[in-house]
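Here the structure is laid out as structure tokens; the discussion comes afterwards.
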Amino acid sequence: MPTPTLYQRPDRQPVFDPSPAARQSPDVDLLFITDRAPPTAAEIAEQGKDAGPLPYGQERGRRIAYGTALVRVVPSLDWETLREQSQLAERTREVNLELGQVQELGAFPREPYQISRGPGGKILRDRAELARHFESKAAFQDEVQRRLAQAPKKEILLYVHGFNETFATAAYTAAELCHFLGREQVCTFFTWPASSRGNFLTSYTTTTESAEYAVEHLKKSIRMLATTPGVEGLQILAHSRGTALTLRAVRELANEALAAGKEPADLTKIDNLVLLSPDIDVDIAGQEITSYLSDPDLATVWPEGRIPRVLKGRLTIYASPEDRALRVSQLLFRSRHRVGQLRPEDIPEPIQRHFEMTGRIDLISYEGERTDRFGHSYFTTSPEVSSDLIELIRYGKQLGEPGRELIKTGRVSWVFPVNGDDGK
């Protein structure tokens with residue numbers, strides 16, 4: 001991942017505290033959560049002997065597992081050298097990533113959970129299965145708390161990947177984001193059985209349904225993270241097809257809270273929900289975001305018709321009209337607009353006014369040079385975009401503040417300056 005621009009400027013922020021006490025291992029230790037199954041014999045054979053570890057494959061696991069994944073910096077660098085290279089626009093040393101040790105620390109019972117028939121024909125949860133669930137939950141939250149105790153910020157950074165990703169590639173992106181966010185949060189990624197092999201169209205169709213399959217598991221994972229004692233906030237970053245399952249999971253959590261008469265933001269503790277190159281139809285995304293606003297029968301306990309808060313912070317959407325990867329899904333679904341391709345002018349004025357009223361939604365359009373093959377991963381490959389993301393997540397800056405001087409093009413829409421245009 002290229003060095004974000006905020007770390008390159010003459011008045012740059014340091015990526016890390018330069019004091020000796022802040023020195024640590026160059027490798028990144030991530031907490032992973034997954035509903036992938038272990039690799040099949042065919043997947044292992046296809047991987048090859050020299051391709052590195054393959055801890056999980058692309059089949060559905062029918063349970064949630066969690067553990068630790070080490071992403072190694074290669075060739076080996078000491079901490080001070082890595083810190084220096086992380087500030088350079090043009091690096092003088094080679095810096096690559098590889099997947100190191102992956103250890104599963106625990107797993108929840110296989111689904112569906114066992115049930116039994118009680119007196120009078122009542123259907124009951126199996127007591128032993130229930131005990132195993134809560135033992136797994138306690139062990140998971142203990143691991144989160146252990147990591148919280150070592151983290152400068154008592155927050156969770158949760159990355160949810162998209163289509164055509166393996167366990168390893170998801171870990172690499174999570175590690176890059178964690179690194180340039182200063183390694184301050186408990187860095188976590190949720191990896192689901194996205195397909196990355198075979199015919200592209202067939203693979204994409206499989207992935208679409210696997211994203212639906214993963215919604216329940218992501219919802220449970222977010223709930224467990226948010227209710228872990230000591231967690232002060234969640235920063236959720238979702239990419240591509242992962243945005244669809246993340247929006248659905250957050251919506252279901254919000255509905256759970258509303259049905260219980262609780263403020264969703266207080267239960268989920270989501271500070272920022274960031275959708276990166278969202279591979280989701282505009283109308284479907286709009287429904288996911290606003291459905292509870294149009295269902296007053298769902299929220300009946302708030303006086304004077306007050307709208308409860310779903311997020312503590314903001315919903316931020318990064319889009320690019322030059323995102324070539326989304327053109328495929330646009331054709332497959334016969335979708336007029338994918339969220340990740342939106343231009344500011346694509347959002348009708350009434351919708352802009354509606355979103356402006358909430359005061360918590362921003363659409364940011366990147367129309368600059370394509371920095372990766374399909375223009376789909378600019379949040380890590382464009383130093384300009386990654387810099388804005390870091391200003392939002394790490395420093396809590398609002399659009400228009402120093403460091404986030406984008407051009408405002410509508411009530412909730414912004415665009416990165418192109419070719420020196422500063423919007424003046």
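Keep in mind that what you see is a predicted model, and the values were worked out from it rather than measured.
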Using only heavy-atom distances, determine whether the side chains of [X] and [Y] contain a donor-acceptor pair under 3.5 Å.
X      : Y      : value
Glu59  : Thr40  : no
His179 : Ser86  : yes
Thr81  : Arg93  : no
Thr68  : Arg147 : yes
Asn272 : Thr316 : no

Notebook entry, point to check: Restricting to pairs with a member in residues 233-278, which pass ring pair (Phe, Tyr, Trp, His ring centres under 6.0 Å), not counting sequence neighbours?
Noted result: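 Counting only pairs at least two positions apart or across chains, the ring pair (Phe, Tyr, Trp, His ring centres under 6.0 Å) contacts touching residues 233-278 are His239-His376, His239-Phe379.
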Next item on the list: With sequence neighbours left out, write down each residue that passes side-chain hydrogen bond (donor to acceptor under 3.5 Å, both in side chains) with Lys153, or none if nothing qualifies.
Entry: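 Counting only residues at least two positions away or on another chain, Lys153 forms a side-chain hydrogen bond (donor to acceptor under 3.5 Å, both in side chains) with Glu184.
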Check: Residues in side-chain hydrogen bond (donor to acceptor under 3.5 Å, both in side chains) with Asp266, at least two apart?
Finding: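 Result, side-chain hydrogen bond (donor to acceptor under 3.5 Å, both in side chains) vs Asp266: none returned.
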Notebook entry, point to check: Which disulfide bond (SG atoms under 2.5 Å apart) pairs, counting each pair once, include a residue from residues 213-270, with sequence neighbours left out?
Noted result: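 As it turns out, there is no disulfide bond (SG atoms under 2.5 Å apart) pair with a partner in residues 213-270 once direct neighbours are skipped.
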Next item on the list: Mark yes when over 12 heavy atoms from residues, nucleotides or ligands other than Arg62 sit less than 6.0 Å from its CZ; otherwise mark no.
Entry: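 No, not enclosed.
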Next item on the list: Could you pull out all residues at least two apart from Tyr395 that satisfy ring pair (Phe, Tyr, Trp, His ring centres under 6.0 Å)?
Entry: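 Residues passing ring pair (Phe, Tyr, Trp, His ring centres under 6.0 Å) with Tyr395: none at all.
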Next item on the list: Just jot down the ring pair (Phe, Tyr, Trp, His ring centres under 6.0 Å) partners of His217, sequence neighbours excluded, or say none.
Entry: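 Residues passing ring pair (Phe, Tyr, Trp, His ring centres under 6.0 Å) with His217: Tyr213.
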Next item on the list: Report the relative orientation of the aromatic rings in Tyr366 and Phe416; use parallel for angles under 30°, tilted for 30 to 60°, perpendicular for over 60°.
Entry: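 Aromatic pair Tyr366/Phe416 classed perpendicular.
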